[in-house]
Amino acid sequence: LDRQTPPLTGENESLSETSRSALVAYAWATGGVAAATLLFHLVSGELDKGQAPLLYLPVVIVCAVRLGFGPAVLAAAGSFICWNFFFLPPFGTWAVQDPKDWLSLIVFLMVAVATARLAAQARTQTQEAQARAEEARVLQQASEQISVEVETERILPALTQQLVAACSVTFCALYRAPASEETDLTVAAVVPDDSMIAKTDLSSDISYLRQSYTQKKTFGFSAETSAASDPICPPPVGVYVPLIADGQCRGVVHVGPRLDGRPFSRPQERLILALANNAAIAIARQSLRDAAAQAQALREADELKSTLLSLVSHELRTPLASIKASASGLLQDKSAWNEAALEEALVAIDEESDRLGGLVCKLLDLSRLEAGAWKPQWDWCDLVDVLGTALARLPVRESARVHVVAPPDLPLVRADFVQIAQVLTNLLENALKYSPPKSDVTVRLRGAGNDLRVDVVDSGSGIPPEEASAVFERFHRLEQHRRSGLPGTGLGLAICRGIIEAHGGCIWEQDAPDGGAVFSFTLPRATRFSPQRRDDESTDSDTEVIGAARTHLSG
Amino acid sequence: VPHERILVVDDEAQIRRALRAGLTSQGYDVVLAETGEEAIDLAAVQPPALVVLDLTLPGISGLQVCRQLREWSDVPILILSARGRERDKVDALDQGADDYLTKPFGMDELLARIRASLRRRVSERTPEATLVFGDVVVDYARRIVTRNGAEVRLTRLEYDVLRYLTANADRVVTHRQILSHVWGPENSEETQYLRVQIGRLRQKLEQDTARPQYLLTEPGVGYRFRSPA
C-alpha cells in the first residue's frame with residue numbers, strides 16, 4: 001500500500017491541477033462573453049440589435065480554438081443569454097418580443113455550437129499531429145542512434161535516456177538476457193541511476209521482470225492492468241516490456257511510472273514499444289557480430305593449426321628421423337663403425353638437434369610476439385655490437401661471407417639488444433641460405449635522419465615484386481623455395497617484422513638493381529616509446545610464454 | 001685427469017642423466033641434486049669444486065640457492081637458464097654466480113665453461129703482471145697497452161674497463177658490475193657509457209670490430225673477456 005501511496009497522491013494533485021486549468025478556461029470563456037457584451041453595450045447606439053453575433057461569434061470561435069469545445073459551448077450559451085437579456089426587447093427580461101428575434105437567437109446558437117465543434121476538432125487534430133511529430137522525432141533519433149553507434153554499451157544507455165525524457169518517467173532500467181542458464185538478467189543501463197530505483201520498493205516486481213522475460217509478455221500497460229487487477233498480486237510499478245528480436249527475448253526494459261503518476265497515453269505506449277524494439281535490435285546485432293568475430297577467430301585458428309601441422313610434419317619430423325636413425329645406429333654393435341661413419345652420425349645428431357631447437361625457438365618467439373608477451377627491453381645499443389652478436393651465432397665459414405659497412409661514429413640507438421640481434425640473425429641466415437654458396441652478403445649500417453638504417457644485401461635471385469610484402473607473413477614461403485625443397489619455416493621474417501614494429505621502425509624488401517634481395521629496416525634513434533627503467537620492465541615468466549604458445553598452437 | 005667434484009642441480013631427470021654421463025666421462029666426480037634445498041644440504045656435506053645450477057627449480061629458486069651458497073662459500077657457480085630470460089641471468093650473476101649457459105647447450109660448451117671457471121679460481125691467487133692477447137700486450141704495472149710493439153693510447157675510462165674485464169677473464173660480468181666498478185654505483189644503469197667505451201676499445205684492440213675475438217658481448221647480460229687459447 002505504501003508503494004501505491006505516492007502515485008495516488010500524485011494523481012489527486014494532478015486531478016485538481018487539471019480541474020483548475022479547466023476552471024481557468026471556463027472563466028476565460030465567461031470573461032470573453034462579458035467583454036463582448038460590454039463592448040456591444042458601448043456601441044449599441046451605432047448598431048442594430050441584430051448585429052450582436054458579430055461580436056459574440058468571434059469570442060466563441062477563439063474559445064473553441066484556444067480553450068476547447070467545453071468553454072466554447074459555455075461561451076455560446078452565455079452569448080445567447082446575454083444577447084437575449086440585455087439587447088433584445090423587452091430589455092432585462094428572458095422574454096422576447098419579436099418572434100423573428102427568437103429565430104435569430106436559435107440560429108445563432110446553432111451556428112455558434114457548430115462552429116465551436118469544428119474549431120475544437122481542428123484544435124485536437126493539431127495537437128495530435130504535434131504529438132505524432134514528437135513521437136516520430138524521438139523514434140527517428142533512436143533509430144539514428146542505433147545506426148550510427150556500433151557499441152551496444154553506448155546505444156542502450158542512450159535509448160534509456162530517451163525513454164525517460166520522452167515519456168517523463170521517474171526512471172528506466174534496461175536488463176539484458178542472462179549470459180548462461182545459471183545467471184540472472186543483468187542491468188545494462190539505468191537512468192537516472194541506481195539510487196532512484198533503490199528508493200522504490202521493487203521486491204514484488206522481480207516476478208514481473210522474470211515473467212516478462214520468460215513469457216515474452218508486456219506488463220503494466222493500461223489495458224493489461226485493468227484485466228489483471230489481482231488483489232493478492234499488486235500491479236507492477238511502471239511497465240515491463242520484453243525486448244524481442246529474431247523471435248528471441250534479448251532482455252527486458254522496465255519503465256518506471258510517469259512523474260505525474262498518470263497512466264501512459266497511447267502514443268507513449270507506442271513509443272515505449274518502438275524504443276524497446278530498437279534496443280532489442282541493437283542487442284541482437286551485437287550478438288550476431290560477436291558470433292561472426294568468434295567464427296572468424298575459429299577459422300583463423302583452424303588455418304593456423306593446419307599450417308602448423310604440415311610444418312610440424314615436415315620440418316620437425318625430418319631432423320627427428322635423422323637423429324633417431326643416427327643415435328639408434330650408434331647403439332648397435334660399435335665395432336662395425338669406422339671413424340668417418342661415427343663422426344658423420346654424431347655430426348648429424350648435433351646439427352639436426354640444432355635445427356629442431358631453432359624451429360622450436362622460432363615458434364616460441366613468434367607466439368610470444370603475437371601474444372604481446374615479448375616486449376622490448378629498452379637499452380642503448382651499438383648496432384655494430386648487435387651485428388657482431390648475430391655474426392657470432394653463424395657458423396664461422398658462413399659468417400666470413402658477410403661484409404660489414406659501417407661508419408666509425410655510428411650513433412647508439414635505443415632498442416632491445418637481444419631482439420635486434422635476432423632480427424639480424426634471421427635476415428643474415430636468409431641472405432646466406434638463398435644466395436649462391438660463397439657469394440658475398442653485405443650489411444650496411446648508417447644514420448638516416450632520425451633513424452638508423454640497416455640494409456642486408458644478398459646476390460640471390462631476389463623476390464618477385466608481388467611477393468615482396470607477403471614474405472613477412474608467417475608461414476609464407478616463396479613458391480620457388482618450396483618447390484626446390486629448401487628447408488624453411490616461413491617464420492623468420494614474421495618474427496623480424498613483429499620485433500621491428502614493436503620498436504616503432506619499418507622493415508621492407510626491395511630487389512637490388514643488379515638482382516639479389518635487399519632487406520632493410522629502420523629504428524628510431526631515440527625511441528618514441530618512453531624509456532622504461534629496468535625495474536619496471538616486465539619479465540616474461542615461463543607461464544606467460546607457455547600460455548601464449550598454447551593459444552597459438554592449439555588455437 | 002681431474003677428480004674434482006661437481007654438484008649438478010636440475011629438476012629435470014633427462015638433463016641430470018645427460019650431465020652425469022657427459023661429466024663423468026671427463027673424469028669429474030658428479031653429485032646430483034633435484035631441488036634447491038637438497039643442493040644446499042649436499043654442498044655443506046660434500047663441498048663441491050663447482051656447482052652447475054638450473055635457475056628454474058621447484059621450491060626455492062635457483063637465485064635463492066645462489067644467494068644462500070654465497071653466504072658461506074665462494075665455490076664457482078655456473079647457471080643454466082632458459083632462452084629469453086636475460087633478467088634472471090643478470091640477477092644471478094649480480095648475486096655472485098660466475099657464468100651462465102642457455103639451454104639447450106652443447107657438452108663441449110659446458111665443459112669449456114667448467115674448465116675456465118676452475119682454472120680462474122686457481123689463477124686468481126697469482127695475478128699476472130702482464131697479459132698478452134693477439135697482438136696486444138697489457139702491462140698492468142706500468143698501465144701501458146701496446147699493439148704490435150706500438151703503444152696504444154687508452155683513456156682512463158677505456159683502461160679501467162679493460163682492466164676490469166681482463167681481471168675477470170673468461171667470466172661474464174654484467175653491465176651493472178662494470179658500470180658500478182668503473183663509473184661508481186650511482187651510474188650502474190647508464191649502459192650507454194659502457195657501449196661507447198667498449199666500441200672504442202674494440203676499434204683500438206680488435207682486428208674486426210664486428211667480429212671481436214677477445215672483448216665479447218653477452219647479449220642482454222654484459223661482456224666477457226676471452227683469454228687467448
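Reminder, nothing fancy here: chain letters follow the sequence lines and each chain counts from 1.
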Shortest non-hydrogen contact from A:R393 toward B:P219:
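That would be NH2-CG, 4.2 Å.
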For B:A210 and A:V404, work out which heavy atoms get closest and say how close.
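Scanning both residues, the minimum pair turns out to be CB-CG2, 3.9 Å.
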Under 4.5 Å heavy-atom distance to chain B, tell me which part of [X] shows up: side chain, backbone, both or neither.
X      : value
A:D416 : neither
A:S353 : neither
A:V360 : neither
A:Q422 : side chain

Heavy atoms, side chains only, cut-off 4.5 Å: are [X] and [Y] in contact?
X      : Y      : value
B:Q192 : A:R414 : no
A:F417 : B:T217 : yes
B:V196 : A:L412 : yes

[X] versus chain A, heavy atoms under 4.5 Å apart: side chain, backbone, both or neither?
X      : answer
B:R200 : neither
B:Q203 : side chain
B:F105 : neither
B:E218 : neither

Backbone N or O of A:D385 within a donor-acceptor pair of the B:R195 side chain at under 3.5 Å?
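Between the backbone of A:D385 and the side chain of B:R195 there is no qualifying donor-acceptor contact (under 3.5 Å).
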So which residues of residues 341-352 of chain A are in contact with chain B at a heavy-atom cut-off of under 4.5 Å?
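At a heavy-atom separation under 4.5 Å, chain B is reached by no residue of residues 341-352 of chain A.
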Below 3.5 Å, can you tabulate the donor-acceptor pairs from side chains in residues 317-325 of chain A to any protein atom, sequence neighbours excluded?
residue: A:R317; atom: NE; partner: A:S313; partner atom: O; Å: 3.1
residue: A:T318; atom: OG1; partner: A:H314; partner atom: O; Å: 2.6

Just do the side-chain contact (heavy atoms from CB on, under 4.5 Å) check on A:V384 and B:R202 with the steps written out, would you?
CA-CA 11 Å; A:V384 178; B:R202 280 181 182 154; over 6 Å; no
